[in-house]
Amino acid sequence: MVHRILIVTAVAAEADSVAAGLGHDTPDTAWEPVPLPGDLTLRRRADGVDLLVGGVGPAAVAAATGTALACAALAGAGSGAPYDLVVSAGIAGGFAPHAPIGTVVVSAAIVAADLGAETPDGYLAVEELGFGRSAHPVPHSLTGPLAAALDAGGRPHTVAPVLTVSTVTGTAGRAAELAGRHPTAAAEAMEGFGVAEAAAAHGVPVVEIRAVSNAVGPRDRAAWRIGEALDSLRRAFALLSPALVGRSPTAHTVLANPTTSVEAK
């Protein structure tokens, strides 16, 4: 059986790194462009991997991911779920000391860190307001085999919550606020929760995989290591390719329990 996986990034540079990692033993011509509505284009491989540049921020990427999932569902009507897994991938800021630059973060949960309300008594998540959800837990049955593949390849990594924000943190005060509210979080990015919401709407499990390019905190572009993070992302997906694509027994473990990963609390 060929597993179908949708990998979504924000920008083309991230998608290129993922493609280079997954294609380490496959010619570039194996990627076929597939047009989608909304001026979107998938890259598709014959082994069941689709790669999509979905845009920056949770709204844009949720719309793009939803479009890809809906098109796949229509094309595969009557034949079961068209995708077995959705992956949000890219680079991110890392929270010290959990995730230094170059670390790969596999999401234990995908958390919308600013989806709620400020009150005189502090921040209230959307659940506390009585509306919706702000987190998608990711089960160990999904994260465990991915972490094991990274560990076997010697790639520095951690399994921890990844925060989604609409405004990237740029001050020490904001970093401390987020770390206080989410003390186990390892990374901050802008797309994971949007991807997770779209995946959940279609009943498809989701995980976020990030390579750290900078520390969350005061905005210091001179300290960013984007090239290093993109290379770390490439190396991570080279290690994860057998587990994700289905060329080893690990893939069957990763995709064994698809319903639990879309539960949210």
Measure the CG-CZ distance between N214 and R225 for me, rounded to the nearest 0.5 Å. 10.0 Å

Considering only NZ, NE, NH1 and NH2 on the basic side and carboxylate oxygens on the acidic side, decide whether D50 and R43 come within less than 4.0 Å. no

Who clusters with Y123? Use side-chain heavy atoms, under 4.5 angstrom, across I, L, V, M, F, W and Y, and order the result by chain and number. none

Does D39 have more than 12 heavy atoms from other residues, nucleotides or ligands lying within 6.0 Å of its CG? no

S107 and P161, any side-chain heavy atoms less than 4.5 Å apart: no

Nearest-0.5 Å distance that lies between atom OG1 in T103 and atom NE2 in H157: 10.0 Å

Sorted by chain and number, sequence neighbours left out, salt bridge (charged side-chain N to carboxylate O under 4.0 Å, His left out) with R181 holds for E177

Looking at CD1 of I5 and CG of L244, how far apart are the two atoms once the value is rounded to the nearest 0.5 Å? 5.0 Å

Got P100 and V212 here, is their nearest side-chain heavy-atom distance under 4.5 Å? no

Looking at A92, is its backbone amide N or carbonyl O close enough to the side chain of E188 to form a donor-acceptor pair, meaning the two atoms are under 3.5 Å apart? no

If you group Ile, Leu, Val, Met, Phe, Trp and Tyr by side-chain heavy-atom gaps below 4.5 Å, do V195 and I209 land in one group? yes

Same cluster or not: L40 versus V53, using hydrophobic residues (I, L, V, M, F, W, Y) connected whenever any side-chain heavy atoms lie under 4.5 Å apart? no

For E127 and S134, which I'm curious about, is there any donor-acceptor pair between the side chains at under 3.5 Å? yes

Heavy atoms, side chains only, cut-off 4.5 Å: are R44 and V49 in contact? no

Rounding to 0.5 Å, atoms CZ (R234) and CD (E14) come to a distance of 15.5 Å

Residues V168, M190; criterion side chain to side chain contact (heavy atoms under 4.5 Å, CB included); working and verdict: CA-CA 7 Å; V168 172; M190 299 181 73; 3.4 Å; yes

Measuring only between side-chain heavy atoms, which start at C-beta, is F237 closer than 4.5 Å to V87? yes

Please check if L22 and L150 belong to a single hydrophobic cluster, counting links between Ile, Leu, Val, Met, Phe, Trp and Tyr side chain heavy atoms closer than 4.5 Å. yes

Testing the basics here: between G93 and V216, what is the closest heavy-atom pair and its distance to 0.1 Å? C-CG2, 3.5 Å

Would a hydrophobic clustering, with Ile, Leu, Val, Met, Phe, Trp and Tyr connected at side-chain separations under 4.5 Å, put V56 with I91? no

Shared ILVMFWY cluster between V162 and L230, side chains joined below 4.5 angstrom? no

With rounding to the nearest 0.5 Å, note down the distance linking OG1 in T119 to CG in L129. 9.0 Å

When you compare the side chain of V106 with that of T158, does any pair of heavy atoms fall below 4.5 Å? no

Tell me, please, which residues at least two apart from D114 pass salt bridge (charged side-chain N to carboxylate O under 4.0 Å, His left out). none

Can you name the closest pair of heavy atoms from A198 and L69 and give their distance? O-CD1, 3.5 Å

